[in-house]
Amino acid sequence: MTLKNISDFRHLSPSSHPARAMKSNCIAALFVICSALVSAASFVACQNETTSLRQAFSSFKKKYGRHYRSRAQDEAFRFAIFKAHFKSLNAHNTEEGRTYDTGINQFSDMTEDEIVSEFCCPGGPQVLQAPNSEEVYYDLQDDDGNGPLDVTPYVNWTAAGAVSPVRNQGHSKYGWAFAAVGAVEGIHHIKTGNLVPLSTQSLVDCVAKDGDGCPPAEHNSGPLAWISLHGLSAEADYPYQGGKKSKCKSDVVNQPLAVRISGVKNVWPRRSEGALQLAVSRQPVPVAIDVTRIAKEYGRGIYNGWCDDTAPNHFMLAVGYGSDDAGRKYWLLKSSWGPEWGEDGYLRLERGVGSETGKCGIATNSDFPVMDDI
């Protein structure tokens, strides 16, 4: 190609312009190379993420003894649930200003619906309520009605030695039984100075409904009232069977009893965190909360995430309360999900939220055991 003048050079198309054509081809080639590199990097990152998730899932299965029915279908379904939780965990735990961290626990491959149907009892506080329990008015005033009563700002019955080690209810709905028994262990220690681990299995065998795992809401002797009538054996004499219900042995001749209580009282007024605080300042108290999301989501810290304040569905034992260094108030709750769940088996739940029923319904309604001085 012959160029007669400079204007001819300026008006050549890129394809006919030798220098521009070369530059254009180089840019195109560079773009293809860069795109390939980006795609390769993304693929490697994706591969690494998948490998990391698979490794985490494998560790989870080994730790919690998971053996799925169908490796092709059920395991894929469980992995998908675990994967979503794992990603949510990583996203949440990098948020600034959070008050709690999410963790991996025995619920990490379960849906929320499964957790509720397999570990919770509908009706919340009603399952422990003793119909004839005496209502005790805790209005935060002194005995002469001159309030406000000076309630201690910090209580920890576990540190005081009134709480037995965290146990695991297994795959069952028996959290209510562990909470009731824990409350009796607590008041017995306060009265006698002795901490005696007591039998949860006695409530499982003698109070829980067959095939359901929950105590009947209309039961004329709820768990605590049943204990006031029959007493409790020591755990060593009537051990827990890992979530299995057997024949009631409470009336068996020579079945040794370790503890008796004199009655059951109700925290009053209901729907009052202040009244519950005063009750817990005096002894451990069973409380019901909504654990639909907490069970799977909680790792450590003060939980202030979502829960239904109007639908508590699982019992824990309130063993104290306090505030962290930032002044955030919390309830200290003992679970029955083993020491590897939460903070060594404990949950710190946001306190003083302004809701009538408290966070997750904790102040809805609570009964507690009483014991005469010994």
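Computed from a predicted model, the values in this text were never measured in an experiment. Side chains included, hydrogens not; waters and symmetry mates left out as well; all remaining heavy atoms used.
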Practice item. Apply the ring-ring contact (aromatic ring centres under 6.0 Å, His included) test between His314 and each candidate in Phe119, Trp337, Phe107; give the one that qualifies. Key: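 Checked Phe119, Trp337, Phe107 against His314; only one passes ring-ring contact (aromatic ring centres under 6.0 Å, His included): Trp337.
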Under 3.5 Å, is there a donor-acceptor pair between the [X] and [Y] side chains?
X      : Y      : value
Asp372 : Ser262 : yes
Tyr64  : Asn105 : no
Thr158 : Tyr346 : yes
Ser199 : Asp237 : no
Thr111 : Asp113 : no

Exercise for review: Any chance you could lay out the side-chain contact (heavy atoms from CB on, under 4.5 Å) test for Arg260 and Met371, step after step, and finish with the verdict?
Suggested key: CA-CA 8 Å; Arg260 287 188 179 275; Met371 181 178 289; over 6 Å; no
Review point. What about the rings of Phe82 and Phe60, do their centers lie closer together than 6.0 Å?
Key: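 Centroid separation for Phe82 and Phe60: below 6.0 Å.
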Review point. Looking only at heavy atoms, which two atoms of Ala275 and Pro269 are closest? And how far apart?
Key: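 The answer is CB-O, 3.8 Å.
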Exercise for review: Test salt bridge (charged side-chain N to carboxylate O under 4.0 Å, His left out) on Asp109 and Arg66 and set out the steps.
Suggested key: CA-CA 10 Å; Asp109 65 342; Arg66 291 294 201 265; 2.9 Å; yes
[atom1] of [X] to [atom2] of [Y]: how many Å apart, nearest 0.5 Å?
X      : Y      : atom1 : atom2 : result
Glu114 : Cys120 : CD    : SG    : 12.5 Å
Asn93  : Ser88  : CG    : OG    : 8.5 Å
Ile261 : Leu232 : CD1   : CG    : 7.5 Å
Ser336 : Tyr240 : OG    : OH    : 7.5 Å
Phe86  : Phe57  : CZ    : CZ    : 12.5 Å
Glu95  : Asp101 : CD    : CG    : 10.0 Å

For [X] and [Y], indicate whether the former's side chain and the latter's backbone hold a donor-acceptor pair under 3.5 Å.
X      : Y      : result
Gln283 : Pro369 : yes
Thr102 : Tyr298 : no
Trp176 : Lys173 : yes
Asp290 : Asp308 : yes
Trp341 : Ala295 : yes

Point to revise | Verdict with supporting geometry, Lys359 and Glu273, side-chain contact (heavy atoms from CB on, under 4.5 Å) | key: CA-CA 9 Å; Lys359 185 69 174 177; Glu273 279 198 276; 5.8 Å; no
Practice item. Check step by step if side-chain contact (heavy atoms from CB on, under 4.5 Å) holds for Ile362 and Met316. Key: CA-CA 10 Å; Ile362 190 172; Met316 292 189 181; over 6 Å; no
Practice item. Run through Arg348, Glu297, Arg300 and flag the one making a side chain to side chain donor-acceptor pair (under 3.5 Å) with Tyr100. Key: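 Going through the options one by one, the only one that passes is Glu297.
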Check your understanding: After noting the C-alpha distance and the side-chain angles of Tyr303 and Ile294, does the key distance pass the side-chain contact (heavy atoms from CB on, under 4.5 Å) rule?
Key -> CA-CA 8 Å; Tyr303 184 82; Ile294 290 176; 3.4 Å; yes
